[in-house]
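Heads up, the thing below is written out as structure tokens.
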Amino acid sequence: MAHTHHHHHDDQHNKIVLISATIVLLGIAVFIEHRYNLPMWQMLLVYLVPYLLIGHNTLHEAIEGIVHGQAFNEHFLMSVATIGALCIGFLPGAESQFTEAVFVMLFFQIGEFFEEFAEKKSHDSITHLMDIRPDIANVERNGHVESVSPEEVRIGEIVIVKPGEKVPIDGVIVDGSTLLNTVALTGESVPRSSSKGDEVISGCINLSGVIKMKTTKSFQESTVSKIIQLVEESNEHKSESERFITRFARVYTPVVVFAAIALAIIPPLLSDDFISSFSVWLYRALMSLVVSCPCALVISIPLTFFGGVGGASRKGILIKGANFIDVLAKVKTVVLDKTGTLTHGQFAVDSVHAVGNHDLLRLASAVEQFSNHPVGVAFKNHQDSTDAKHPSAEATDVNEFAGCGIQGRVGKQLVCVGNVRMMEKAGVTKEEIQRCLDDELQDSPASIHPSGVIVHVAVDGTYAGYIVINDKIREESADAIRQLQRLGIERTVMLTGDRKEPSEYVARQLQLNEYHAELLPTDKVSIVSQLLGDKSAGSYLAFVGDGINDAPVLARADVGIAMGGLGSDAAIEAADVVLMDDNPTKIALAIRIARRTLAIARQNVWFAIGIKIAVLILAALGLATMWMAVFADVGITVLAVLNAMRALTIKTS
């Protein structure tokens, strides 16, 4: 697939010229044959002109195959059949078959022309996806802006991206804010708003504002290059079905050739008049050779898989090789990592339980403003989103106690925020906390769920209540699991390093079959290995993770799926499928695409073999003509190729 388009275009053009010239010359030859009663060998010379014109490539390939010891390819079959048809007229009592010989070659070339065209189309739609490749980068150097090729930009340089331009390299915005269109990368159509401090991935299109960004990776290491590399490499991982076809052709072709020889020799030996019946059976044998040429399969199957990979990549699903389409289609166990895959992977304020009339959130946020602990970040985010409603309070004299919490003064009050140990520092006893918790529970047992981190607050040494901080479940997670179950996935399993209670809560909410909590990364690998042992034969296991620490598990599973894999390089390396955005419903979509691709490949196999067998039977009975034989080969190949192209379009339903 590496050849460039110009070269491709010329090939196509030359082929059209060749085909047209052959048709004209063939017409002249037919006219001469009917007009003048020339001896057989002179007619042969007349027909050899169009025959060699259109067939020289095929003959050349056939000879090359014999020289390299791979004699039995489709070119060989075509050459034997047509040379036989040219010579058959010299047998006593036989009709000459010159026109057929030229026609078989002509049709074969027309078929190849269509195949190349279809292949180019499917390749184009992938290269169209690859339009994300940026051409220039505007770099600020010594006070003025230079346009250079992205390869020349060094890490840490400042790049300016104007509206309408592609982001050339991964980096961080240092100035300006804008909307970025990531549809080419993630398939998500809603633009992301990005401003100072946000990471930007290459290949996005800048929609609204001018941004200055500082590059964090070289072009080779940037997202765009990685994706292009992945799509290019995906052709090299041949799928099982493709490998099967190569093996199939190696066994199939010699069988066909010897069967044809038998068909030409055995029936005449059994008849009274060997010579005259020999020419009849030889013609039938030659036809069966044309019919049995396997190009429909050899060409359409790889094209189907290629189309499936291309179609998926337009939906923001990168499948690293056609072989994973086979695996994805047969997945029966899906193992998911919790944090960052089913949940957002960052804490958020979930519920507030105040004792008395304290404005807990305002007090806690004021103090936590200064903390970089994930809990502090949750308060900050909450504060940012509700800023308008609550004017935030200012805290002074803030002290952080590692592993306990944080304290500070808000106005006159001394506010302590943290765990039970922090409360004891503040002079609140465990009993006091327990009493408040019990009261809460009697009032409204529903409002307490042990699904998260409980942050206690004390004001001037008395207990003021607690706030539950939670890693929020993604909106799409429940839907994603439902879709998987609808697809007939037998086991959904969640693995997490998190504590048991929050994990159980998530597993219940999402109706997963099972979950394992408090795992170390090595435990994840051993559980996946165990599940791999449990599953039924012929089914596969997929592991889905966000990839930061999941690389070993991604590699261990039959198919490793990295979520939002644009973030982590390790994930892109280890995973077999990369979902470019963070949407877990893409898992089911990937499986659907794989199943559909496989179904199209199967249709092609059965369709091609079915029609070929039918025409072979007709040929042996003497009811087929060389024309039918040609259709059974070339016509079917073209239809199979067109069917294969359906794999490029994806039904989202």
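For the numbers below, each heavy atom of this structure counts, side chains included, while hydrogens, waters and symmetry mates do not. Index from 1, following the sequence.
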Between I561 and A542, the two heavy atoms sitting closest are CD1-CB, 4.2 Å

So, E165 versus N138: side-chain donor-acceptor pair below 3.5 Å or not? yes

Counting N and O atoms only, with roles assigned by atom type, does the side chain of D170 sit under 3.5 Å from a partner on the main chain of K217, one being a donor and the other an acceptor? no

Pair S539, E490: side-chain N/O donor-acceptor within cut-off below 3.5 Å: no

Does the side chain of N323 reach to within under 4.5 Å of the side chain of V327, using non-hydrogen atoms? no

Applying side-chain contact (heavy atoms from CB on, under 4.5 Å), run through N643 and I600 and close with a yes or a no. CA-CA 7 Å; N643 190 30; I600 292 177; 3.9 Å; yes

Have H60 and E64 got a donor and an acceptor in their side chains that come within less than 3.5 Å? yes

Gap between atom CD1 of I88 and atom CD of E100 - 0.5 Å precision: 10.0 Å

When rounded to the nearest 0.5 angstrom, what is the spacing between CG in L598 and CD in Q603? 10.5 Å

Please determine whether ring pair (Phe, Tyr, Trp, His ring centres under 6.0 Å) holds for the pair Y47 and Y51, giving the CA-CA distance in whole Å, both sets of side-chain angles, and the decisive distance to 0.1 Å. CA-CA 6 Å; Y47 276 103; Y51 174 78; over 10 Å; no

Taking all non-hydrogen atoms of both residues, which atom of A85 and which atom of Q97 are closest, and how far apart? O-CB, 3.5 Å

Let me see the working for E33 and T99 under side chain to side chain donor-acceptor pair (under 3.5 Å), right down to the final yes or no. CA-CA 10 Å; E33 181 176 23; T99 5; 4.8 Å; no

Close side-chain approach of F305 to D326, heavy-atom, < 4.5 Å: yes

Charged N to carboxylate O under 4.0 angstrom, K535 versus D558? yes

Could you give me the CA-CA distance, side-chain angles and deciding distance for L487 and V331, then say whether side-chain contact (heavy atoms from CB on, under 4.5 Å) is met? CA-CA 10 Å; L487 281 177; V331 164; over 6 Å; no

Inter-residue atom distance L106.CG - T82.OG1, 0.5 Å rounding: 12.0 Å

Tell me the closest heavy-atom pair linking I54 and V102, and the distance in Å. CG2-O, 4.5 Å

Would you say L579 and V577 make side-chain contact, with heavy atoms under 4.5 Å? yes

dist F108:CZ -> T637:OG1 (nearest 0.5 Å) comes out at 8.5 Å

Which pair of non-hydrogen atoms, one from W281 and one from P267, has the smallest distance, and what is that distance? CE2-CB, 3.3 Å

Would you say L44 and F90 make side-chain contact, with heavy atoms under 4.5 Å? yes

S202 side chain reached by P168 side chain, heavy atoms, under 4.5 Å: no

Would you call the rings of F107 and F103 parallel, tilted or perpendicular, where under 30° means parallel and over 60° means perpendicular? tilted

Any side-chain heavy atom of K586 sitting closer than 4.5 Å to one from N583? yes

side-chain contact (heavy atoms from CB on, under 4.5 Å) between S313 and I319: does it pass, once the steps are laid out? CA-CA 7 Å; S313 63; I319 300 175; over 6 Å; no

Which pair of non-hydrogen atoms, one from L263 and one from A285, has the smallest distance, and what is that distance? CD2-CA, 3.9 Å

Residue pair M40 / F98, side-chain heavy-atom distance below 4.5 Å: yes

Is there side-chain contact between M563 and V578, with at least one heavy-atom pair below 4.5 Å? no

Just by distance, do the side chain of K330 and the backbone of I325 share a donor-acceptor pair under 3.5 Å? no

Hey, could you give me the CD1/CZ distance between I593 and R314, rounded to the nearest 0.5 Å? 11.0 Å

Residues L25 and P50: closest non-hydrogen pair is CB-CB, 3.9 Å

One should read off an interatomic distance between I28 CD1 and R35 CZ, to the nearest 0.5 angstrom, of 14.0 Å

Mind running side-chain contact (heavy atoms from CB on, under 4.5 Å) on L318 and M580 for me, showing each step along the way? CA-CA 7 Å; L318 281 184; M580 295 194 193; 3.3 Å; yes

Test item: R284 side-chain N/O and S279 main-chain N/O as donor-acceptor pair under 3.5 Å: no

Counting only heavy atoms from other residues, nucleotides and ligands, does the tally under 6.0 Å from CG of D272 exceed 12? no

